[in-house]
Amino acid sequence: MELIQQPDLSVNIAGLELANPVLLASGTCGYGAEVADLVGLSLYDSVPGGIVVKGISLKPRLGNPPPRLAETPCGLLNSIGLENVGVEVFLEQKLPWLRSVNTAVIVNILGNSVEEYAELASLLNVAGVDALEVNISCPNVREGGVAFGADPEMAARVTKAVRNASIKPVIIKLSPNVTDIAVIARACEEAGADALSLINTLLGMAVDIKKRRPVLANVFGGLSGPAVKPVALRMVWQASRAVNIPIIGIGGISSWQDAIEFFMAGAVAVEVGTAVMVRPSVVQEIVSGIGQFMEETGAFDVCSMRL
Amino acid sequence: MSRHELECGVIDNRAVTRDIFLLRLDAHELTLQARPGQFCMLEVGEYAYPLLKRPFSIHDVPDENEIEFIYRVAGKGTAMLSRKRAGDSIRVLGPLGNGFGWNQSRHPVLVGGGLGIAPMLFLARIISEKGLIKPVVILGARSSAELVSLEAFKAIDCRLCLATEDGSLGQKGFVTTLLQEIVGDSEADMVFSCGPMPMLKAVYEIAVKASVSCEVSLEAQMACGIGACLGCAVKSADRSSGQTGYLHVCKEGPVFDGADVSWN
Ligand SMILES: Cc1cc2nc3c(=O)[nH]c(=O)nc-3n(C[C@H](O)[C@H](O)[C@H](O)COP(=O)(O)OP(=O)(O)OC[C@H]3O[C@@H](n4cnc5c(N)ncnc54)[C@H](O)[C@@H]3O)c2cc1C
Ligand SMILES: Cc1cc2nc3c(=O)[nH]c(=O)nc-3n(C[C@H](O)[C@H](O)[C@H](O)COP(=O)(O)O)c2cc1C
Ligand code: FES
């Protein structure tokens with residue numbers, strides 16, 4: 001009798017254990033409870049391998065004035081402006097629920113200075129936080145954001161500060177709004193990053209021709225959704241060939257086929273954002289589809305699919 | 001909270017005016033949970049175009065199998081929705097949002113302007129059938145043709161007051177004139193309203209003057225509809241801290257106490 005080996009969907013990213021390689025992307029799933037029933041986050045078997053919570057800052061942030069959303073062909077522009085409850089409320093009110101759920105919890109952090117990133121990292125050295133994802137790339141906020149992610153030296157400084165302050169695996173989330181992603185990726189690896197995730201949103205805008213003004217009150221917003229997938233895929237390919245640390249692919253993933261493309265391009269896990277908002281049940285479809293594809297093609301783990 | 005993401009069969013989708021459509025869906029999973037003032041996100045496109053689901057108020061739940069929406073063709077998404085036919089299916093996420101606090105009122109006044117009429121039918125039905133109260137229902141539109149679902153309102157035990165801008169039915173003018181008279185000489189203790197922002201503001205001001213509390217249903221551009229993206233922010237009234245914050249229409253709303261909303 002032939003022994004059929006079940007494909008192994010689990011991945012280990014620098015000590016971060018994931019039951020499967022599909023994560024919920026930051027900013028599109030709140031702090032988890034908002035989407036739990038629809039995506040299958042539960043006490044026992046959760047559908048996603050992990051959740052990356054909305055970006056957390058030291059102090060609460062109100063975010064940008066509305067309108068904050070603009071739909072574009074197969075895409076979405078957002079200028080939420082990093083509205084969040086702040087780390088204190090997160091630890092007191094959001095983390096206890098997340099602890100009770102059987103999935104990896106990754107906390108996305110953002111700051112206005114290197115010191116703020118480090119302080120956040122040390123405040124999050126608590127049980128229930130499985131890893132940090134450092135947002136050095138959000139294009140929405142005038143201060144911070146862009147500066148860190150676009151400059152290899154600044155990116156390295158943030159990485160080093162968080163790496164030193166944290167006892168958790170540190171994932172640096174890269175911005176696509178740069179000239180050479182490989183240079184930034186290498187700078188983060190050298191500064192001690194355990195893994196990289198990419199891409200964050202692409203800076204864009206939309207104009208309301210009737211009102212003769214930009215659609216978003218903030219003028220610019222971050223583009224996400226199927227429209228950005230080819231760009232994300234190209235950058236994952238480039239980054240994965242520039243560094244030796246694991247890459248988490250993000251950008252426009254809306255089906256299991258999209259996820260497989262990212263694995264082939266060099267990612268060991270993926271995050272799904274906009275597609276989850278559009279259709280929460282897609283998470284289950286993606287997880288099942290990956291398993292089935294691996295079984296059919298005889299892939300024994302996710303990494304083995306890399307081209 | 002019991003909401004679902006599911007495919008619902010189209011029972012009927014027909015034009016009631018040139019650009020207003022009534023959509024009836026087979027959705028028995030949603031009907032028991034649905035409360036007046038809640039909404040659903042409807043997938044209007046195919047293959048990610050348009051990408052986002054569209055929010056629509058629950059217009060009516062006539063029985064345990066059926067849920068109804070009334071919508072105006074306002075752009076590409078609603079144009080695509082208008083082409084759905086009986087037998088097609090539509091992916092629905094709902095019911096979502098908080099709904100009206102109708103059970104705190106003994107003498108409710110409902111005010112719907114334009115397509116703000118949408119949530120008022122279900123609200124009037126529940127107040128009458130579950131609350132055993134006869135509500136005052138003030139409806140207004142540009143012309144009699146746009147006073148949609150009048151027959152359904154007439155079948156509910158309520159006091160119906162109508163206004164049209166062109167005078168083709170009911171009083172000529174706006175719902176606010178009727179509201180002014182009614183809160184002046186009745187025991188009205190709460191106003192529930194939905195419609196365009198300038199109308200809601202006027203309704204709220206009339207209610208405040210009459211010392212009657214007022215709930216309004218707001219609209220905002222939405223992506224997720226479930227409080228996950230924080231995209232649907234509207235400005236809140238100044239808080240005691242002096243700092244203005246934001247309300248999130250899909251989760252904390254769409255129904256708000258008028259006193260919590262920033263009106264300028
Ligand atoms: C809670 C809620 C309940 C609603 N109930 C109803 C209803 O019962 N009947 C009805 O006809 N309309 C209702 N609307 C408005 C309806 O959602 C929009 O008319 C519709 O989304 C327009 O889509 P479109 O693709 O045709 O227009 P487009 O102009 O092509 O849309 C472009 C983008 O703008 C958004 N948009 C445009 N107008 C609005 C609006 N007024 N509110 C929110 N987003 C908008 C669309 O979602 C889309 O993302 C409601 C809105 C909200 C927030
Ligand atoms: C509404 C919204 C809010 C977001 N908020 C954050 C955030 O707080 N921190 C962050 O690192 N990325 C944030 N992102 C970026 C996503 O995590 C993701 O990188 C991006 O949307 C691309 O993936 P997608 O096409 O699957 O959405 C946000 C995206 C959206 C659409
Ligand atoms: S639409 Fe996403 S939070 Fe309201």
Side-chain angles (χ1 to χ4, degrees), chain A residues 24-39 51 53-55 60-85 215-217 221 224-227 229 252 254-255 258 273-282 284, chain B residues 1-7 33 41-55 74-77 90-94 96 197 218-236 238-239 241-253 261-262:
Chain A
L24 306 180
S26 179
T28 57
C29 56
Y31 303 102
E34 292 87 341
V35 299
D37 55 329
L38 297 171
V39 300
I51 165 172
V53 298
K54 176 71 189 165
R61 290 196 190 201
L62 285 175
N64 286 329
R68 292 176 171 188
L69 298 169
E71 194 185 38
T72 62
C74 299
L76 172 66
L77 284 166
N78 88 83
S79 65
I80 309 301
L82 299 171
E83 173 177 351
N84 78 92
V85 296
V215 176
L216 299 172
S224 64
K229 198 192 80 180
S254 316
S255 67
D258 292 342
T274 303
V276 178
M277 300 197 290
V278 170
R279 191 187 268 208
S281 58
V282 80
Q284 175 71 68
Chain B
M1 175 175 63
S2 188
R3 53 188 187 182
H4 303 276
E5 183 197 356
L6 46 109
E7 294 278 342
Q33 268 87 34
M41 299 289 285
L42 268 52
E43 198 168 287
V44 293
E46 268 172 40
Y47 304 112
Y49 190 82
L51 182 65
L52 302 172
K53 288 196 178 80
R54 274 28 179 174
K76 58 185 176 306
I90 295 180
R91 190 170 280 258
V92 179
L93 178 62
L96 305 171
M197 242 357 218
L218 301 187
E219 286 189 1
Q221 168 77 266
M222 288 183 183
C224 71
I226 55 175
C229 74
L230 308 178
C232 59
V234 296
K235 248 183 166 175
S236 67
D238 287 347
R239 303 251 165 85
S241 60
Q243 205 177 29
T244 307
Y246 296 106
L247 305 165
H248 301 94
V249 174
C250 75
K251 186 133 192 238
E252 295 151 77
V261 175
S262 166

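Keep in mind the model is a prediction, meaning the values are calculated, not measured. Below, chains carry the letters A, B, ... as their sequence lines are ordered, and counting in each starts from 1.
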Which atoms of [X] approach chain B - backbone, side chain, both or neither, heavy atom under 4.5 Å:
X: S254(A); value: neither
X: S281(A); value: both
X: P73(A); value: both

Working to the nearest 0.5 angstrom, can you tell me the gap between [X] [atom1] and [Y] [atom2]?
X: K76(B); Y: E71(A); atom1: NZ; atom2: CD; answer: 5.0 Å
X: L82(A); Y: L230(B); atom1: CG; atom2: CG; answer: 10.5 Å
X: M41(B); Y: M277(A); atom1: CE; atom2: CE; answer: 9.5 Å

Problem - E5(B) side chain vs L38(A) backbone, donor-acceptor pair below 3.5 Å - result: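 Such a contact is absent between E5(B) side chain and L38(A) backbone.
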Check [X] against [Y] and note the closest heavy-atom contact, atom names and distance.
X: M222(B); Y: L69(A); result: C-CD1, 3.6 Å
X: V234(B); Y: P66(A); result: CA-CG, 4.2 Å
X: G231(B); Y: R68(A); result: O-CB, 3.6 Å
X: R3(B); Y: E34(A); result: NH2-O, 2.7 Å

Practice task
Between chain A and each of K53(B), H4(B), R91(B), count heavy-atom pairs under 4.5 Å; write down the option with the most.
Solution key: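 Counting heavy-atom pairs under 4.5 Å, the top option is R91(B).
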Problem - Among the listed options C232(B), C229(B), C224(B), the residue most often paired with chain A at heavy-atom distances under 4.5 Å - result: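 Counting heavy-atom pairs under 4.5 Å, the top option is C229(B).
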Handout entry: P65(A): side chain to side chain contact (heavy atoms under 4.5 Å, CB included) partners, not counting sequence neighbours
Key =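 Only A217(A), Y246(B) meet the side chain to side chain contact (heavy atoms under 4.5 Å, CB included) criterion with P65(A).
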Practice task
Name all residues meeting the side chain to side chain contact (heavy atoms under 4.5 Å, CB included) criterion together with C29(A); count only those two or more places apart in sequence or in a different chain, and write none if there are none.
Solution key: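 Once residues adjacent in sequence are excluded, the partners of C29(A) under the side chain to side chain contact (heavy atoms under 4.5 Å, CB included) criterion are L24(A), V35(A), I51(A).
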Handout entry: Under 4.5 Å from any heavy atom of chain A - which part of L52(B)
Key =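 Both backbone and side chain.
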